[in-house]
Amino acid sequence: MRLQVLIAVLTLAGVCDATHLSSARLSQVYDKMNSFAKYSWENGTKAQAILEWTYPDLSVFSTASSSNPFPASLSSNQIPQIVDIARTTMNNRPATNASGIMGGSPLLEDGAAADPASLGGAILLANVSTGNAAVKNVGYGDAARMEVAYLLYGVPRSNTGAISHRTEQAQYWSDFTFMVPPFLATYAGFSNNQTYLQIAYDQCRLYRDRLRRPMSSGALWAHIQGGTGNLDPGLWATGNGWAAYGMLRVMATIQKSQWAGQMGSQRGDLASWVGEIMDGCKGYVTPNGLLRNYVNDTSSFEETSASALIAATGLRLSTLGVTDSYVPMALNLLSSASRYVSNSTGVLEQVVDPLDWSKQGQDSPEGQSFMIMAYAAHGDWDRAGRKGATGVDGDGLGGYTSGAVARWGAGMGATAVAALVAGLAVLA
Ligand SMILES: *[C@@H]1O[C@H](CO)[C@@H](O)[C@H](O)[C@H]1NC(C)=O
Ligand SMILES: *[C@@H]1O[C@H](CO)[C@@H](O)[C@H](O)[C@H]1NC(C)=O
Ligand SMILES: *[C@@H]1O[C@H](CO)[C@@H](O)[C@H](O)[C@H]1NC(C)=O
Ligand SMILES: *[C@@H]1O[C@H](CO)[C@@H](O)[C@H](O)[C@H]1NC(C)=O
Ligand SMILES: *[C@@H]1O[C@H](CO)[C@@H](O)[C@H](O)[C@H]1NC(C)=O
Ligand SMILES: *[C@@H]1O[C@H](CO)[C@@H](O)[C@H](O)[C@H]1NC(C)=O
């Protein structure tokens with residue numbers, strides 16, 4: 001009897017620590033990502049997550065020597081999930097405006113000049129996979145080219161040359177860094193033109209110059225600055241995730257490109273700018289293992305979607321061979337965010353409302369994608385030999401769980417253990 005109770009206590013302790021989502025749960029997370037995504041940037045973020053999870057050899061994060069993110073050809077059914085998103089985008093695309101400046105035309109009509117560009121990478125891959133097939137009389141490759149011309153010549157600029165996040169005025173949003181520079185960098189790879197890679201780097205630099213706020217360690221980015229109306233000087237967690245992950249994608253694109261050797265200093269800058277945000281976050285991870293919606297504001301709620309994106313960044317810094325020093329923080333964040341995935345639906349809970357950055361929402365399409373990116377990164381990190389996992393048990397996520405049960409388990413653990421110990425005392 002006593003032995004059985006002891007086994008129960010030990011088993012419970014194991015369950016409390018387990019936060020690695022099972023593959024069945026991750027399929028639910030993926031399905032919800034697919035069904036929730038609706039707006040341009042949500043579809044673009046989803047395309048990126050699908051690339052990393054389902055077609056990893058086409059992602060700039062792949063470390064396989066055989067991988068090529070800028071293939072000259074792909075068979076027509078090789079990337080159906082990406083072509084699906086690209087086709088939907090082309091069907092929603094406004095008719096080409098022949099009078100657009102320098103032949104520019106956005107992929108989608110959107111008040112955010114930057115957001116449709118998040119779909120550009122999917123469009124370029126669909127171009128290769130379909131042989132520049134036409135949708136509504138416009139070829140995928142032509143649509144990508146017009147999107148680039150729109151960004152370069154049609155969108156307002158700041159006095160330093162930063163391309164605006166918005167269509168109506170020059171304004172900096174940290175979100176831009178994920179939407180535009182990675183697309184321009186990818187376009188460089190597909191068009192064999194280094195100029196676009198340099199522009200991608202320059203735009204990251206200009207956005208950092210304007211939004212960066214030094215912290216006691218590292219720095220964090222303000223959310224929205226410049227222009228009028230809608231300003232948000234706060235250090236929004238998701239905005240810092242957009243910035244860090246966007247710059248990391250540009251860095252990885254340089255690394256994968258034919259110009260990796262020539263662009264060492266740009267690579268180094270981007271890596272250090274990503275590291276600076278990771279350092280900025282480090283001091284603000286809560287005892288519960290999450291980042292707050294506004295990172296340095298203790299009255300702000302603990303937010304899981306940005307926590308997942310920063311976790312993905314930390315693990316990718318390791319798999320890309322930049323540094324392992326953010327691995328423990330990343331594992332802590334991912335393990336904590338995993339406890340907020342509903343064990344019945346696969347929905348990531350306690351997320352910021354994607355349409356109102358000041359409020360907590362019910363669910364988040366981008367949050368679902370961030371979890372997939374983080375687990376894709378974790379899988380690669382695990383297979384690469386779990387570098388930097390000092391003081392971390394196993395895979396850093398404590399084995400497998402079916403979902404939110406672990407959160408309740410952790411919360412109730414002390415009570416349950418006390419009850420079992422009491423039971424043991426009675427039996428003894
Ligand atoms: C995003 O994708 C969904 C289908 O998954 C589609 O219904 C929606 O129109 C797309 N949004 C845009 C802006 O193209
Ligand atoms: C076409 O583009 C021009 C230049 O950007 C703009 O002034 C005009 O309003 C656009 N026309 C339509 C019908 O969208
Ligand atoms: C689109 O694909 C065609 C080949 O099918 C290629 O010639 C063209 O360069 C591609 N366009 C872009 C922008 O990559
Ligand atoms: C590369 O792109 C830039 C910017 O559009 C253009 O000015 C230049 O001519 C292109 N270079 C080549 C070799 O096509
Ligand atoms: C957070 O950091 C910013 C930038 O340094 C600062 O302006 C702000 O007052 C800080 N907020 C809190 C709540 O400490
Ligand atoms: C989800 O968690 C609840 C609460 O711990 C538990 O009762 C339930 O059995 C779990 N459901 C599944 C499908 O794992």
Side-chain angles (χ1 to χ4, degrees), residues 30-47 49-50 69-76 81-94 103 106-112 115-136 138-149 174 179 183-184 186-193 196 211-223 225 231-237 239-240 277 280-281 283-284 291-300 354 365-366 368-369:
Y30 194 93
D31 291 348
K32 287 292 189 286
M33 164 183 83
N34 265 323
S35 61
F36 287 171
K38 179 171 158 194
Y39 294 101
S40 57
W41 81 90
E42 294 172 347
N43 286 357
T45 305
K46 167 176 130 178
I50 289 175
F70 328 112
S73 66
L74 287 172
S75 66
S76 62
Q81 295 178 47
I82 297 290
V83 173
D84 248 23
I85 296 170
R87 192 186 310 109
T88 300
T89 304
M90 295 290 281
N91 274 315
N92 290 341
R93 186 177 177 278
L107 283 171
L108 294 166
E109 236 153 64
D110 203 314
D115 290 349
S118 65
L119 286 151
I123 298 284
L124 285 167
L125 283 167
N127 181 50
V128 173
S129 181
T130 64
N132 195 17
V135 180
K136 294 201 308 185
V138 178
Y140 285 106
D142 302 315
R145 186 179 41 71
M146 288 186 265
E147 169 66 36
V148 170
S174 48
M179 310 300 157
F183 166 54
L184 293 173
T186 305
Y187 192 80
F190 276 102
S191 62
N192 291 311
N193 187 329
Y196 300 110
L211 297 179
R212 174 182 189 272
R213 303 288 176 265
M215 306 304 285
S216 57
S217 156
L220 291 168
W221 286 25
H223 182 200
Q225 293 287 277
L231 299 185
D232 182 8
L235 310 179
W236 187 43
N240 278 278
I277 291 176
C281 288
Y284 293 102
L291 292 168
R292 295 185 185 280
N293 187 44
Y294 284 90
V295 179
N296 67 336
D297 179 352
T298 52
S299 70
S300 167
E366 66 208 35
Q368 298 295 121
S369 298

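Numbers here are sequence positions counted from 1. In listed order, ligands and their atoms are each counted from 1.
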Discussion item. Are any of the N/O atoms on Ser40, whether in the backbone or the side chain, positioned under 3.5 angstrom from an N/O atom of ligand 1?
Written reply: no

Practice prompt. Work out whether the distance between some heavy atom of Gly131 and some atom of ligand 3 is less than 4.0 Å.
Written response: yes

Discussion item. Is atom 7 (O) of ligand 3 near the protein, in the sense that some protein heavy atom lies at less than 4.0 Å from it?
Written reply: no

Worksheet item: Would one find an N or O of Arg145, backbone or side chain, under 3.5 Å from an N or O of ligand 3?
Response: no

Worksheet item: Which part of Leu108 is near ligand 1, with near meaning a heavy atom under 4.0 Å away: side chain, backbone, both or neither?
Response: side chain

Worksheet, complete the sentence: Tightest non-hydrogen contact, residues Ser40 and Pro116, listed as OG-N, 4.0 Å

Practice prompt. Identify the protein heavy atom lying closest to atom 2 (O) of ligand 3, giving its residue, its atom name and the separation to 0.1 Å.
Written response: Asn127 ND2, 2.4 Å

Discussion item. Is atom 11 (N) of ligand 5 touching the protein, meaning some protein heavy atom lies under 4.0 Å away?
Written reply: yes

Item to complete: Go through ligand 3 atom by atom and flag the ones less than 4.0 Å from a non-hydrogen atom of Tyr187.
Response: 13 (C)

Worksheet item: Within the structure, does at least one protein heavy atom fall under 4.0 Å of atom 14 (O) of ligand 3?
Response: yes

Discussion item. Using a plain distance cutoff, I'd like to know if Arg213 has any nitrogen or oxygen under 3.5 Å from a nitrogen or oxygen of ligand 5.
Written reply: no

Item to complete: Pull out every atom of ligand 3 sitting under 4.0 Å from any heavy atom of Gly141, numbered as shown with elements.
Response: 11 (N), 13 (C)

Discussion item. Which of the numbered atoms in ligand 3 are under 4.0 angstrom from any heavy atom belonging to Leu124?
Written reply: 13 (C), 14 (O)

Worksheet item: Is Phe183 close to Leu124 at the side-chain level, that is, under 4.5 Å between some pair of heavy atoms?
Response: yes

Worksheet item: Got the closest protein heavy atom to atom 4 (C) of ligand 3, with its distance?
Response: Asn132 CB, 4.5 Å

Fill in: Interfacing atoms of ligand 5 (cut-off 4.0 Å, heavy-atom, Asn296)
1 (C), 2 (O), 3 (C), 8 (C), 10 (C), 11 (N), 12 (C), 13 (C), 14 (O)

Worksheet item: So is there a nitrogen or oxygen of Lys38 less than 3.5 Å from a nitrogen or oxygen in ligand 1?
Response: yes

Worksheet item: Within less than 4.0 angstrom of ligand 1, does Thr89 place any heavy atom?
Response: no

Item to complete: Output yes when the distance from some N or O of ligand 1 to some N or O of Asn92 is under 3.5 Å, and no in every other case.
Response: yes

Worksheet item: Hey, what's the ring geometry for Trp236 with His223, parallel, tilted or perpendicular (30° and 60° as the breaks)?
Response: tilted

Worksheet item: Short list, please: which atoms of ligand 5 are under 4.0 Å from a heavy atom of Leu235?
Response: 1 (C), 2 (O), 3 (C)

Practice prompt. Ignoring hydrogens, just give me the one of Met90, Lys46, Arg93 whose non-hydrogen atom is nearest atom 5 (O) of ligand 1.
Written response: Lys46

